Amino acid sequence: MDGVKYSVVIPMYKSEKTIRAVVEEVVGEFARIDISEYEIVLVNDCSPDNVLNVAIDISRDNRCVRVADLAKNVGQTNACLAGYAL
């Protein structure tokens, strides 16, 4: 994304029921401090629940949200590193 100044990477594992609220909170905080040039990268760490589809739905509603889907579970730290690499 051109003009992005801030990136928030969120690894997801069994987060189907909570990820929407987390993203809403991050978006709200950026709005509160008047920042519009940001991205949120949601990284599915091969989660067994439906979090990937939820994340895709979120990204359809918010142009600042990107989704990465890892082929295997690599753990929280490596999932974050994969998100930073995008």
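These numbers come from the heavy atoms of this one structure, side chains and all, not from hydrogens, waters or symmetry mates. If you read the sequence from its start, that first residue is 1, and numbering goes on from there. Quantities reported herein were computed from a predicted structural model and do not represent experimental measurements.
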S.K.: Can you tell me how far the OH atom of Y6 sits from the SG atom of C64, to the nearest 0.5 Å?
M.R.: 14.0 Å
S.K.: Applying side chain to side chain contact (heavy atoms under 4.5 Å, CB included), name anything that partners K14, two or more places apart in sequence or on another chain.
M.R.: S47, P48, D49
S.K.: Enumerate donor-acceptor pairs with a distance under 3.5 Å from any side-chain N or O in residues 22-33 to protein atoms, sequence neighbours excluded.
M.R.:
from	atom 1	to	atom 2	distance (Å)
E29	OE1	R32	NE	3.3
E29	OE2	R32	NE	3.0
E29	OE2	R32	NH2	2.6

S.K.: Answer with yes or no whether the hydrophobic clustering places V8 together with M12; edges join I, L, V, M, F, W, Y residues whose side-chain heavy atoms lie under 4.5 Å apart.
M.R.: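 In one cluster: yes.
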S.K.: Out of curiosity, S7 OG to R66 CZ, how far, rounded to the nearest 0.5 Å?
M.R.: 8.0 Å
S.K.: Do the side chains of Y13 and N73 get nearer than 4.5 Å, heavy atoms only?
M.R.: yes
S.K.: Side chains of V67 and S59: does their closest heavy-atom pair fall under 4.5 Å?
M.R.: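 Yes; the side chains approach each other to less than 4.5 Å.
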S.K.: Output yes when a side-chain donor or acceptor of D45 lies under 3.5 Å from a complementary backbone atom of G75, and no otherwise.
M.R.: yes
S.K.: Working to the nearest 0.5 angstrom, can you tell me the gap between C46 SG and K72 NZ?
M.R.: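 Reported value, rounded in 0.5 Å steps: 10.0 Å.
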S.K.: Within the 4.5 Å heavy-atom criterion, are I58 and R20 side-chain neighbours or not?
M.R.: yes
S.K.: For the atom pair CD1 (I19) and CD1 (I40), what is the distance rounded to the nearest 0.5 Å?
M.R.: 9.0 Å
S.K.: Can you give each donor-acceptor pair under 3.5 Å made by side-chain atoms of residues 77-86, sequence neighbours left out, with the distance rounded to 0.1 Å?
M.R.:
from	atom 1	to	atom 2	distance (Å)
N78	ND2	V74	O	3.2

S.K.: Could I get the full list of side-chain hydrogen bond (donor to acceptor under 3.5 Å, both in side chains) partners for N62, not counting sequence neighbours?
M.R.: none
S.K.: Sequence neighbours left out, what passes salt bridge (charged side-chain N to carboxylate O under 4.0 Å, His left out) with D69? Give chain and number order.
M.R.: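 D69: no salt bridge (charged side-chain N to carboxylate O under 4.0 Å, His left out) contacts found.
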S.K.: Answer whether the closest heavy-atom distance between the side chains of V51 and N44 falls below 4.5 Å.
M.R.: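 Touching, per the 4.5 Å side-chain cut-off.
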S.K.: Please list, chain by chain and in numerical order, all residues satisfying side-chain hydrogen bond (donor to acceptor under 3.5 Å, both in side chains) with Q76, sequence neighbours excluded.
M.R.: none
S.K.: Membership question, hydrophobic clusters at under 4.5 Å side-chain separation (ILVMFWY): are V65 and V43 in the same one?
M.R.: no
